[in-house]
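In what follows, every heavy atom counts, from backbone to side chain, and hydrogens, waters and symmetry copies are set aside. Indexing begins at 1, ligand by ligand and atom by atom, following the structure's order.
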Amino acid sequence: MEPIDKASLIEEKLPSLYRQFQICHLCPRRCEVNRPAGETGYCGAGQEMVIYTAFLHHGEEPGISGEKGSGTIFFSGCNLKCVYCQNYRFSHTLEGTKVSSDDLARIMLRLQEKGAENINLVTPTHFLPWIMDGLARAFRQGLALPIVYNTSGYETVETVRLLGDAVDVYLADIRYVTPSLGERYSQAPDYPEVNQRALRKMYDQKGAAWEGPLVKQGLVIRHLVLPGCVEETIKVLTWISENTPQALVSLMFQYQPYFKARLYPEIDRRVSEDEYERVMDFLDELDLEGWAQDLSPEEDLAGVHFRPSLEGLI
Ligand code: SF4
């Protein structure tokens, strides 16, 4: 689809999106707070969009970062406050720079000028009306890159439906398939049910269009292997192979006990070599395609440990 057509389709949806956050149900938390009036819900986000950082990211999956890097924009705040979150400094707070939709469009266009392979929106849903507005503006001003929606996977089907015309690639997590784990580590016992509905919708919408080396359309499902949770990972991989077999899989072993994980003894360590081998042996039995990290990946792989300023981008 031509960028200008994308812009028109997005603009048609803006009034309904801005209405959604007057009684906010942008995400499955359904807080029903009046965000334009300054009320805040679970994610803490209010009337303004906040970005923590934006840069060319070379540590995403090879099919996302490509050679020149993924034009990654990290939004502050999150609707899923995981106890082991590696980005807790800005995802559990709203630390960052307040920006308008116009600013966001400028950032995207600058990242394109710098050679980005795509625009990668990280944890965006709680700012969706402004983001869609920014995307429409950027498309009208010449943005022609694939749009990657990088999400915890805790999304409503309605939101995924709204995203269909704007997004090319879903880079979505599947964190747990067991409700008690969703409750213990992410305060979301409904995570498995909600996540699986959203993933199926993303899969139906974007299908499998992987031709390599870059992912230009489709669904990439990320799973972070947690220590002591090999059986959970086996269930996750089984679910993927039975429900979204053509999706690309990104298996991550970079877990470290960040943030509050020290308070949960069972996850207060890294994944062991034995656990890594068991997961990789099981993966070998399945007919899935994608990427798997080494047990000790480079520090900056698929994460953010530094904060380039927005200077020169806005
Ligand atoms: S986006 Fe934030 S305020 Fe809106 S429903 Fe989700 S958590 Fe609640």
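Atoms of ligand 1 found under 4.0 Å from any heavy atom of R30 (numbered from 1 in listed order, with element): 5 (S). Within ligand 1, the atoms closer than 4.0 Å to a non-hydrogen atom of R35 are 1 (S), 4 (Fe), numbered from 1 in the order shown. Close contacts of ligand 1 with H126, meaning ligand atoms under 4.0 Å from a residue heavy atom, involve 1 (S).
Aromatic ring orientation, F21 versus W130: perpendicular (interplanar angle above 60°, classes split at 30° and 60°). Relative orientation of the Y191 and Y154 rings is parallel, given thresholds of 30° and 60° on the angle between their planes.
Counting protein heavy atoms only, atom 8 (Fe) of ligand 1 is closest to C31 SG, 2.3 Å. Taking atom 6 (Fe) of ligand 1 as the reference point, the nearest protein heavy-atom neighbour is C27 SG, 2.3 Å.
With a 6.0 Å cutoff to the six-membered ring centre and a 45° limit on the axis angle, K81 counts as a cation-pi contact of Y42.
For CD1 of I23, the number of neighbouring non-hydrogen atoms (other residues, nucleotides, ligands) closer than 6.0 Å is 12 at most.
Backbone or side-chain N, O or S atoms of C24 do not reach atom 6 (Fe) of ligand 1 at under 2.8 Å. For H25, every N, O or S atom stays at 2.8 Å or more from atom 8 (Fe) of ligand 1.
Panel note: side chain H57, backbone S70; no donor-acceptor pair is recorded below 3.5 Å. The backbone N or O of C229 lies less than 3.5 Å from no partner atom in the side chain of E275, so there is not a single donor-acceptor pair.
Nearest residue to atom 7 (S) of ligand 1 from C78, A45, C43, G41 is C43 (criterion: closest heavy atom).
Taking 4.0 Å as the cut-off, E32 does not count as a neighbour of ligand 1 on heavy-atom distance.
Between the side chains of Q196 and N243, no donor-acceptor pair of N or O atoms lies under 3.5 Å.
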